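Remarks on the structure that follows.
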Amino acid sequence: LIEIGERAVLGDVKIISRNKIIIGKRALMSWNVFIQDFDPHPKEPSLRAQQMIQMTENFFPRWDQHQPKRITLDWSAPSRAIIIGDDCWIGANVTILKGVEIGNGCIIAAGSVVTSGIFPDNSLIAGNPAKLIKELLTTANSTAYNNYDKRSFKKAVQKLNAMSAAAAILTDDQWIT
């Protein structure tokens, strides 16, 4: 099952699911993002070897007439759902693997490999393996963000307005090119 929320923008994204992947509303994903909710190959080397034999026994060209003994094993892979919250931004070359839960408003830095974890809302996530770097300041969670210096802001706006007014009085031949 793959669910993609409304107004989500997925660049060059590859999604492979045997369980469930939920992508929230307004999610933004860059190019070369890979999301997979299961492990496709066994960790045990001998089982992996048997899997490769089974996968390749019908490859061509065949150089001999020998028919290998057919190995039939159950390749059901461990899987866990992936949940990506609303308003998340996933950078380029990010890999997200089984069982990861990403809260609303998170940013995953380019090149990150998210192998496990439950990340809270408004987190900056980065690295290989990815980890929580910091909580992002938002209008909802930060008094510092909400208590900006209103006087300095007002002065900056007045200065820009004054510059715009001065520029509007200049004629075309007064502009320096």
Side-chain angles (χ1 to χ4, degrees), residues 1-43 48 51 55 74-165 167-168:
L1 172 70
I2 299 172
E3 293 179 17
I4 300 174
E6 63 187 40
R7 298 188 185 270
V9 176
L10 281 60
D12 176 23
V13 177
K14 180 180 273 189
I15 300 172
I16 304 173
S17 177
R18 290 188 180 171
N19 190 318
K20 179 169 49 173
I21 297 174
I22 299 172
I23 298 170
K25 298 173 188 171
R26 299 170 305 277
L28 173 62
M29 296 187 188
S30 188
W31 48 268
N32 202 31
V33 172
F34 180 77
I35 304 170
Q36 179 172 289
D37 64 7
F38 67 98
D39 293 332
H41 305 292
K43 291 180 183 174
R48 201 167 47 249
Q51 185 187 44
M55 288 173 66
D74 176 22
W75 299 117
S76 57
S79 67
R80 290 195 316 266
I82 295 172
I83 300 170
I84 299 171
D86 297 341
D87 305 306
C88 289
W89 176 17
I90 313 297
N93 297 311
V94 167
T95 298
I96 301 172
L97 300 178
K98 73 178 190 316
V100 170
E101 294 182 27
I102 300 166
N104 297 327
C106 291
I107 298 173
I108 302 179
S112 297
V113 179
V114 191
T115 58
S116 63
I118 298 174
F119 297 94
D121 292 352
N122 303 308
S123 296
L124 175 60
I125 303 160
N128 181 2
K131 63 182 181 178
L132 175 65
I133 302 301
K134 69 178 183 174
E135 181 183 355
L136 299 168
L137 296 179
T138 68
T139 55
N141 71 2
S142 170
T143 55
Y145 187 92
N146 289 320
N147 295 329
Y148 60 87
D149 184 353
K150 293 177 183 175
R151 209 171 337 157
S152 296
F153 181 76
K154 188 174 181 180
K155 284 182 183 178
V157 169
Q158 288 172 341
K159 186 174 180 179
L160 285 171
N161 287 338
M163 291 169 59
S164 296

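If you're wondering where the values come from, they're calculated on a predicted model, not measured in any experiment.
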Interatomic distance, [X] atom [atom1] to [Y] atom [atom2] [nearest 0.5 angstrom]:
| X | Y | atom1 | atom2 | answer |
| --- | --- | --- | --- | --- |
| I108 | I102 | CD1 | CD1 | 3.0 Å |
| R80 | K98 | CZ | NZ | 5.0 Å |
| S79 | L97 | OG | CG | 12.5 Å |
| I16 | F34 | CD1 | CZ | 4.0 Å |
| N122 | I107 | CG | CD1 | 9.0 Å |
| K14 | I35 | NZ | CD1 | 12.5 Å |

Over all heavy atoms of both residues, which pair between [X] and [Y] is shortest? Give the atoms and the distance, please.
| X | Y | answer |
| --- | --- | --- |
| A130 | S112 | CB-CB, 4.3 Å |
| V94 | G111 | CG2-N, 4.0 Å |
| S30 | A92 | CB-N, 3.4 Å |
| L132 | F119 | N-CE2, 3.8 Å |
| G105 | L136 | O-CD1, 3.8 Å |
| D86 | K25 | OD1-N, 2.8 Å |

Within the 4.5 Å heavy-atom criterion, are [X] and [Y] side-chain neighbours or not?
| X | Y | answer |
| --- | --- | --- |
| I15 | L10 | yes |
| I125 | C106 | yes |
| I21 | I96 | no |
| P120 | E135 | no |

Review point. Is it true that the side chains of S17 and D37 contain a donor and an acceptor less than 3.5 Å apart?
Key: yes
Check your understanding: Between the side chains of N104 and D87, does any donor sit under 3.5 Å from an acceptor?
Key -> no
Check your understanding: Are V13 and W31 close enough, and set up right, to give a side chain to side chain contact (heavy atoms under 4.5 Å, CB included), and what steps lead you there?
Key -> CA-CA 6 Å; V13 177; W31 48 268; over 6 Å; no
Point to revise | Candidates I90, D12, N93, T95 - the one meeting side chain to side chain contact (heavy atoms under 4.5 Å, CB included) with V33 | key: I90
